[in-house]
Amino acid sequence: MSSRPSERLRRTFGLRLAVWYAALFATGAIVLAGLTYLLVARSLTDRDHQIIRSTLIRYATQYEQGGLNALNAAIRTDALTGRHEPLFVRVLGPNEEAVFYSMPADWLDFDPASLPAPPPGTTSSWTMVPARHGTTELEIDSARLDDGTLFQVGKSTESRDEILQRFRAVLAIGLVAMLALGLTGGAVLTRSALTPIRQLIDAVRSIIQTGQLRARVPAEAAGDAIDELGGLFNGMLDRIETLIDGMRGSLDNVAHDLRTPMMRLRGTAEVALQSGDAEACREALAGCIEESEQVLAMLDTLMDISEAETGVMKLQQEPVRVGDLFADTVDLYADVAEEKGVALSADTGCDLHVQADRNRMRQVLANLVDNAVKYTPAGGQVTLTAAPDAARVRLTVRDTGPGIPPHDLDRIFDRLYRGDASRSERGLGLGLSLVRAIVRAHDGTVEVHSEPGRGAEFVVSLPAPSTSNP
Ligand code: ADP
């Protein structure tokens, strides 16, 4: 049976990470231990050499000044005071004949006969003599006096070797402990580093398997890159969920709202066919055309909204004079307003500019004014004004109509939503959705302020052209 991807990830990637971590940790520890060992060995050797060399000089001086008696006395004094451990001392006369020889009793493993004498003429030299058994050596320093006498002092490396052997054992234990620590640390670190990735994988798998977008990565507050990835992933899922819900809702609404005109179309056609009267058929056909035009208009508007919302809508943005936009809108609605007895006025002299697509802005204002005139009873007023607001311009369409009930304020921008009181008026419930979609595509905002009975005010805020592009 194939294992789950997150398990595989943990086993392969996780194992590799842990092994790398442990290997690096162990290499570091080995290098450190090696350097420490070399330093200690070097220091001990230097110390031994120093003892041998200084003793050689001291004994040779004593011998030169007081002969063998003085040398014996110095060796005895050193043994009594315990100044240093007993040493090998040999004095050879100018003809290589033994004048003095002293070897500590427990160093019998060394063969004095094998001690080579440095070639004549050599004033000072170091020699190593191996023990008969084992790895211990006798380190000898030699010096030739002016009269040709050869003076030799030596020391066994046994005590130094012992110290280093103990030190190696301690280092080995330390290294094993560090290796174990490295492996455990690697495993723990890998586990915690991979947890967010595993959670991400689990979330994606749950979405794929269940088809539901509800799964989310648990939010952590560590603030690192992995958390940011989790946050972005959750944000993306939120956005996708909202879009899909929106699409589903619109599809339901469209299906529902298309049903009525289509049923009416069929009803009109059926009644006309049954009557068999030519005049009735002509009237029914005219009705069908009107009805289908409404359906087409609805589909066109829905397409526009979706294009604007998804960023596909082509906008020819340029500096547009607000006064001109107002004038165009007033021209379009002057007759309708007059017919209805509503006073329509606009600040057509306004010299402010917005950075926008002229035709789309006309569409926005037309929709807002259309609503204002439509919902304002005779004797009312509709006013268009504009004001600068930092780097933006606020366009306001205000009416003295019935206003919008508070529970409708949040919903009037939804697709196909129509207020209860507006059902008797013509309309598709798409005007404000289109307004908001176009304004947002311009990087703008649209707000509504209204109290029932006190009119409504729609405020569109759009970017002003940058100063380099007036
Ligand atoms: P429609 O006007 O076709 O119904 P809209 O999307 O343009 O659709 O408007 C949605 C709803 O907002 C309307 O049904 C109406 O209830 C409310 N509305 C919009 N503008 C106004 C206004 N100026 N005064 C009162 N109600 C309004």
Side-chain angles (χ1 to χ4, degrees), residues 1-32 174-255 302 305-313 410-411 413-417 433 436-437 439-441 443-445:
M1 213 178 85
S2 68
S3 53
R4 299 185 340 171
S6 67
E7 297 250 313
R8 274 206 306 277
L9 175 84
R10 200 182 61 208
R11 262 194 258 130
T12 54
F13 182 62
L15 190 71
R16 249 187 301 148
L17 216 64
V19 167
W20 266 106
Y21 181 84
L24 281 177
F25 199 70
T27 312
I30 287 171
V31 169
L32 197 70
L175 274 180
V176 171
M178 275 175 134
L179 200 69
L181 196 73
L183 273 171
T184 322
V188 171
L189 271 182
T190 308
R191 212 185 151 69
S192 70
L194 288 183
T195 301
I197 297 179
R198 269 206 310 279
Q199 288 167 342
L200 205 70
I201 292 174
D202 289 344
V204 174
R205 187 180 325 102
S206 143
I207 291 170
I208 293 172
Q209 283 172 355
T210 61
Q212 301 284 331
L213 283 168
R214 275 195 209 109
R216 292 290 182 276
V217 179
E220 306 279 341
D224 53 25
I226 299 265
D227 283 347
E228 199 180 336
L229 177 68
L232 286 173
F233 181 74
N234 285 346
M236 184 182 74
L237 286 181
D238 287 346
R239 179 104 184 90
I240 294 176
E241 204 176 6
T242 315
L243 282 176
I244 289 185
D245 283 351
M247 275 165 58
R248 215 173 268 153
S250 316
L251 209 66
D252 288 351
N253 286 342
V254 171
L302 278 169
I305 294 173
S306 129
E307 275 186 13
E309 280 181 351
T310 50
V312 183
M313 179 176 269
D410 285 344
R411 308 184 58 192
F413 290 101
D414 291 349
R415 262 173 249 204
L416 299 164
Y417 182 79
S433 313
R436 187 171 66 173
V439 170
R440 281 186 176 172
D443 195 20
T445 57

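Values in this document were obtained by computation on a predicted structure and should not be read as measured data. For the single chain, residues carry numbers from 1 onward in sequence order.
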What's the spacing between Leu194 CG and Leu200 CG if we round to 0.5 Å?
12.0 Å

Is any side-chain heavy atom of Arg415 closer than 4.5 Å to one of Arg436?
no

Would you compute the distance between atom CH2 of Trp20 and atom OG1 of Thr190 and round it to the nearest 0.5 angstrom?
13.5 Å

Are Leu179 and Leu175 packed together at the side-chain level, in the sense that at least one heavy-atom pair is separated by less than 4.5 angstrom?
no

Over all atoms of both residues, closest heavy-atom pair of Ala203 and Ala215:
O-CB, 3.8 Å

Let me confirm one number: the OG-CG distance from Ser433 to Leu302, rounded to the nearest 0.5 Å.
8.5 Å

Please round to the nearest 0.5 Å and tell me the distance separating atom CD of Gln212 and atom CD of Glu241.
8.5 Å

Any donor-acceptor pair under 3.5 Å linking the side chain of Thr27 with the backbone of Ala23?
yes

Gap separating the CG atom of Asp245 from the CD1 atom of Ile240, nearest 0.5 angstrom:
12.0 Å

For the residue pair Arg16 and Val19, establish whether any side-chain heavy-atom pair is separated by less than 4.5 Å.
no

Spatial distance of atom CD1 (Ile207) from atom CG (Asp202) [nearest 0.5 Å]
11.0 Å

